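Note that the coordinates shown come from a computational prediction; the quantities given were computed from them, not determined experimentally. For the numbers below, each heavy atom of this structure counts, side chains included, while hydrogens, waters and symmetry mates do not.
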Number of protein chains: 2
Amino acid sequence: MTRDALLVQSVEKALRVLQAFDGGNRFLGLTEIAARCGVDKSAAQRFAHTLHLAGYLEKCPETRRYGLGKRLLEVTYNYLRSNPLIEAATPALIELRRFSGQHIKLSLFDDTSVIYAIRQQSEREYFAASLVGRRVPTFCAAGGRAILAELEPARAADIVARSDLAPLTPKTLVDPNLLLEEIAAVRRQGYAVAAEQVLLGEVVIGAAVIDAGGSPVAAVHIAGSLAEWTPEEYARKFAGPAIETAQALSRATVKRIREAS
Amino acid sequence: MTRDALLVQSVEKALRVLQAFDGGNRFLGLTEIAARCGVDKSAAQRFAHTLHLAGYLEKCPETRRYGLGKRLLEVTYNYLRSNPLIEAATPALIELRRFSGQHIKLSLFDDTSVIYAIRQQSEREYFAASLVGRRVPTFCAAGGRAILAELEPARAADIVARSDLAPLTPKTLVDPNLLLEEIAAVRRQGYAVAAEQVLLGEVVIGAAVIDAGGSPVAAVHIAGSLAEWTPEEYARKFAGPAIETAQALSRATVKRIREAS
DNA sequence: CAAATCCGTATCGCCATGCAATACGCTATC
DNA sequence: GATAGCGTATTGCATGGCGATACGGATTTG
């Protein structure tokens, strides 16, 4: 192994410490951090201390254990603010929610998963699980499938092949061949419909946002409840608006980049 | 200067690199990063490279410059998910928005500033400035003043004294003595009303959320437009709901902590 | 069109810096 | 009151990060 001369190993380990706080762990002690990150207790102590000074970790005064710090919200703020797609999408998604009354999300494409970057929940909000920053496998999210359909088939197949095809619900489609067929169907019709692929009782329409270079970068999601709609009805009613919004954002992205250059 | 033996300096510098992307800078080159962080170009190169490998920075292929990466959204997700106050607050704020039709926010107390952690925007208006993670000076945010009013007067005065009293709008109250009087008034009435203190045309009600130890940790904000309401009308209508929600969250926090122990 | 400038990239020898082992003090548990 | 386990603090050693430097390409300038 020829190690990367530019990689700063201490930084990498410190970031691993930050990532140890996944899965909803509120507080971790030094020993737990060390175990989770595969470093010894001394290292955990130094990194946690450093992250604490920077405000990225907070320390519970009684238990002396560490938890994530609110300063983390700041970097996400900077990210959201610096991203022109987010800026353009926010009003468009508000409009879409107002028009549809449904739960609206924008997800960003990140290889085998997509990440929710904006959400506009419906009045009735059944689904609390879609906080900003949530990662969902690309292969099963409606928006993810819409994105895969915009890639060259070989790349889409590669992503499916590299995905962990663990079902999120009993209904999640996990057979690679069926998935590729479904993606082909999405490619033909221009949008994806996914019923109970991520959450039971939920139906989602997904439409891809394309960047200036023609690659999909994000997806618009419209989500509702199967208690009120059949997937077919839902698609008839909301596929149009989803596609329209996604196309408007694709144009907005192109325009932005032109203006910047 | 007796330097902290537990502080890992490389990590601290790497975090400075992340923080260099504030103020809505989309992309920064190595030279700019180096200048902003007060490190030399070699260091900027190594840290940017390391953060890039971890997914916290992305690289624009053409310009070879760096921007914040979407993986940052993930740590915020972990933070939001691990915080019981956020969990309890989300449904309460949705309910509050449904009831009031106004723009609702939850801010977290962080010394001289507060950070928006949840927002529920109203149907009509859209204040782009209140993204999650936005930091606003405690002294001028309605919720910030509600929080200051719950502290011992000496601590509140200390925070005001250490604050950068730069006005955010022409109407922002910046005289320390007047601020302390205003905080005393807030203490008496149990909520804060702030008109055009952060944003022109905006009126905000703030009420503090108290933790199990009796200290304020967060605040509920209800925000609306001065085009529709006078501050007095707004307070008459929404101070009650704001206080109620804040108290419910205070109780929820106490309950949570009891359950955990 | 050539020269100059500035950028991102890659390399390398030195030594400060982070490493890991260890010892300490505290608190909870039995 | 003994034990176990935690977070904290210290220290000598060697390694990993430092920063100067050199390279190639792109863009700007005269």
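- For A/R64, the CZ atom counts as loosely surrounded, since its 6.0 Å shell holds 12 or fewer non-hydrogen atoms of other residues, nucleotides or ligands.
- Between the side chain of B/K41 and the base of D/dG19, no donor-acceptor pair of N or O atoms lies under 3.5 Å.
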Handout entry: side chain to side chain contact (heavy atoms under 4.5 Å, CB included) between A/R145 and A/C140, intermediate numbers included
Key = CA-CA 7 Å; A/R145 290 181 186 167; A/C140 62; 4.2 Å; yes
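- Protein atom OH of A/Y66 is 13 Å distant from nucleotide atom C1' of D/dC6, rounded to whole Å.
- Side-chain proximity of A/D40 to the nucleotides C/dT17, C/dG8, C/dA20 is greatest for C/dA20.
- Nearest-nucleotide mapping onto DNA chain D: of A/V8 and A/L28, the residue sitting toward the 5' end is A/L28.
- When A/L180, A/L165, A/I159, A/V114 are each tested for a side-chain contact (heavy atoms from CB on, under 4.5 Å) with A/F139, only one passes: A/L165.
- In this entry the distance linking CD of A/Q45 with C1' of C/dC24 reads 12 Å, nearest Å.
- Distance A/R64 CZ to D/dC6 C1': 11 Å, rounded to the nearest Å.
- For the pair A/L6 CG and D/dG19 P, the interatomic distance rounds to 15 Å; values are reported in whole Å.
- Close to D/dG17, at under 4.0 Å from its OP1 or OP2, lies a side-chain N or O of A/S10.
- Computed from coordinates, the B/E12 CD to C/dA16 P distance equals 19 Å when rounded to whole Å.
- In this structure, the side chain of B/S82 does not engage the main chain of A/R26 through any donor-acceptor pair within 3.5 Å.
- B/L30 places its CG atom 9 Å from the C1' atom of C/dC7, with the value rounded to the nearest Å.
- Separating the NE2 atom of A/H49 from the C1' atom of D/dT10 is a distance of 14 Å, rounded to the nearest angstrom.
- Contacts of B/T31 with the nucleic acid, taken as non-hydrogen atoms under 4.0 Å apart, involve only primed sugar atoms and P, OP1 or OP2.
- Proximity note for B/Q9 (side chain, C-beta onward) versus C/dG18, D/dG19, D/dT8: the nearest is C/dG18.
- Distance, A/L7 CG to C/dT9 P: 15 Å, rounded to whole Å.
- The backbone N or O of A/K70 sits less than 3.5 Å from a side-chain atom of A/E58, completing a donor-acceptor pair.
- Nearest-nucleotide positions on DNA chain D place A/T63 closer to the 5' end than the other of A/T63 and A/V11.
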